[in-house]
Amino acid sequence: MTFNGAHFLGIDGLRPDEITALLDLAERYVALNRSASKHSDALAGMTQINMFFEASTRTQASFELAGKRMGADVMNMSMASSSLKKGETLIDTALTLNAMHPDLLVVRHPLSGAVDLLAQKVNCAVINAGDGRHEHPTQALLDALTIRRAKGRLHRLVVAICGDIAHSRVARSNILLLNRMESRVRLVGPPTLMPAGAADWGCEIHDDMRAGLEDADVVMMLRLQKERMDGGFIPSEREYFDRYGLDAEKLACAKPDAIVMHPGPMNRGVEIDGMIADDINRSVIQEQVEMGVAVRMAVMDRLAATLRDARQRERLRSSVDG
Amino acid sequence: MTLWFVNARLIDPEAGVDYPGAVRVEGAAITEVLAENMPQGAHEGGGRVIDCAGRCLAPGIVDMGVQVGEPGARHVESFRSAGRAAVAGGVTTIIARPDTDPPIDTPEVLEFVTRRAEAQTPVRIRHMAALTRARAGREMAEIGFLSDAGAVAFSDGSRVVADTRVLARCLTYARGLGVLVMGHPQDPGLSQGACATSGKFASLKGLPGVSPMAERMGFDRDMALVEMTGVAYHADQVTCARTLPPLERARRNGLDVTAGVSIHHLTLNEFDLADYRTFFKLTPPLRSEDDRLAVVEAVAAGVIDVICSMHTPADEESKRLPFEAAAAGAVGLETLLPAAMRLYHAGALSLPQLWRAMSLNPARRLGLPGGRLAAGAPADLVLFDPDAPFVLDRFALHSKAKNTPFDGARMEGRVLGTWIGGAQVFPFAEA
């Protein structure tokens, strides 16, 4: 599970210094991405396969761009429409791909733990691009980088995560990361969207958004995931917006320099007022997208280095044996 | 033919004691139980004498709620493989569940499985039958015919009859026939889609959870219907602390109610799921440690009557899936006894207490003659060493299905010999 291992499956298992090192490396890729020649050869000669068992536009594009800028051969597979429908199991799909010798496998799956399962069966580096409601670790890293650039630090901040916590892997990874970096995390949302046992996670729980935002440094909005609702978590979208949608009046409860974040895609007028989302003085939503490419480059850079080391050792061992 | 078991530590669940002694068996029945190690008569008269060397001799286990794959899934578990696993685990009577494919919901299917079972294994196999046709919860099965054909109890397995009007009529009809109904206490709405017990752990792992309250709600509903109809009712698995007070209350109010629990819920908890280990996915899901302790205590106090294996075979493919998509259930026939020894060695339950729950109570509840160590009882016996340590290798199990949560676990308690009706059935004769 740890980052020194062969895979990147979750924030759970990362040490604070490993997180800091990843963010520092990502900063270098931010600079690269802003330069005229956006190219490195950290992944030269490597094959990266993006396997998305759940539809995604932004995350897949972000991983694809990150891989291409680092010189990898990138292939996208939209699994939602292919072999699963033919009755192939996840493990068989993984073994089939494994036989094609990829170096990096980026996986998103609608079931929690599916990426862990897959990682046990292949001998390349697996990156979790979101599994069920479990983890979305690169999202937490890009959020952390965005916060660190805006606030200069990750400790002693009050971060309010608002909305559909129960169904959100983004929230889980962010809670793990921010707790680890010694920030104060508040979870804000209606009780129906708050996961059971959340009070034991070391977070403050608020069902009143104004109280939850008081003196917050960071306001992190979550998408109200309509596709996951099997009905009846909230009475209506308009009542939700009234109580839990971020508008200027509720944002006034936070610190005057509080930043507003959203992992996208946004539902304007449901969880966030369009005016706030577009306010360049408060919203860092566009910057989050930019940081996304950079942290994914950093993660793949580290995994590629681990992979090369392992292969180098393997070669040395076989030459000694031979 | 006379058979003597001498120099044994006898486990008598009826009297609630264990003591050194000897047992005499004539033919298929126990004829004498003596509190002396080497009785005078043993070495005279030409019978066979088995020196138990101080090991435990107990009535064979009566396992209430075993799924065998016949009909429908013989490749996963057959009567023959289940029988071998049973005797290797000291189980001499299997109470088979009706949740097969097709379910055991007609006398014809029941006669078929009864014949198959008798031909394939020496283990005594008694069958439960479905309460409703196709276990669909809509129309009642032929409870009378099925009862005539030998069904010992009626149950839809882990499917809850959601329509209370249907259930009330089934229970009323069953009451008229004086048969036992086994329910699965669970609120079907609240538990829909859940694969773990709700709480900090399930939330962190991103698994859809069900509150323990769903079990109590299901139980409360069933108790209201039992009060209304007067039927004899057994709750297959009571696994939460919250279900215990209503269970005690029902008993106090004179309802004919008993309850069971699986050995897995007594020895494992939700944290065993760890990184999505699907062999620990059970129905109902594993509970918190607090619940586990409360339920162990309830068994000790006699509030929960029965411990069973809830043997549920599943093939490898159905477990090699993401946790939510994987099959639920674990095999347990062969590991019931060693797992129960964990409770014994932890000081939670004595051996007579364990055998009361694993042998005497289920036999009594189903009106079977086994479960006793007394003159006149059938000579269904298990000889075991409660201290023998081993590391469990799931591929060494006799079940066809190897889905045990105890793979690689350090366990204590080895079965040395099993007898059914006075005939030795374990260790197996062939090499």
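Just so you know, these numbers use all the heavy atoms, side chains as well, and skip hydrogens, waters and symmetry mates. Residue numbering restarts at 1 for every chain, and letters A, B, ... go by the order of the sequence lines.
- Residues S203(B) and W201(A) approach most closely at CB-CZ2, 3.3 Å, considering heavy atoms.
- Contact annotation for L117(A): only side-chain heavy atoms (C-beta onward) come within less than 4.5 Å of a heavy atom of chain B.
- Between the CZ atom in R277(B) and the CG atom in D116(A) there is a gap of 13.0 Å [rounded to 0.5 Å].
- Heavy-atom contacts from other residues, nucleotides or ligands closer than 6.0 Å to CD of E297(B) number 12 or fewer.
- Taking both residues in full, the closest heavy atoms of S112(A) and K205(B) are given as CB-O, 3.4 Å, listed atom of the first, atom of the second, then distance.
- Atoms CG and OH, on L111(A) and Y276(B) in that order, are 10.0 Å from each other to the nearest 0.5 Å.
- Note that NE2 of H134(A) and CD of E324(B) are 11.5 Å apart. Values are rounded to the nearest 0.5 Å.
- A 6.0 Å sphere centred on CZ of R180(A) holds more than 12 heavy atoms belonging to other residues, nucleotides or ligands.
- L204(B) and R172(A) make their closest contact through O-CD, 3.8 Å (heavy atoms, listed as atom of the first residue, atom of the second, distance).
- Contacts between A325(B) and chain A at a heavy-atom distance below 4.5 Å involve backbone atoms as well as side-chain atoms.
- By the 6.0 Å contact criterion, CD on E182(A) is open, its count of non-hydrogen atoms from other residues, nucleotides or ligands being 12 or less.
- Counting heavy atoms from C-beta on, the side chains of L321(B) and L90(A) never come closer than 4.5 Å.
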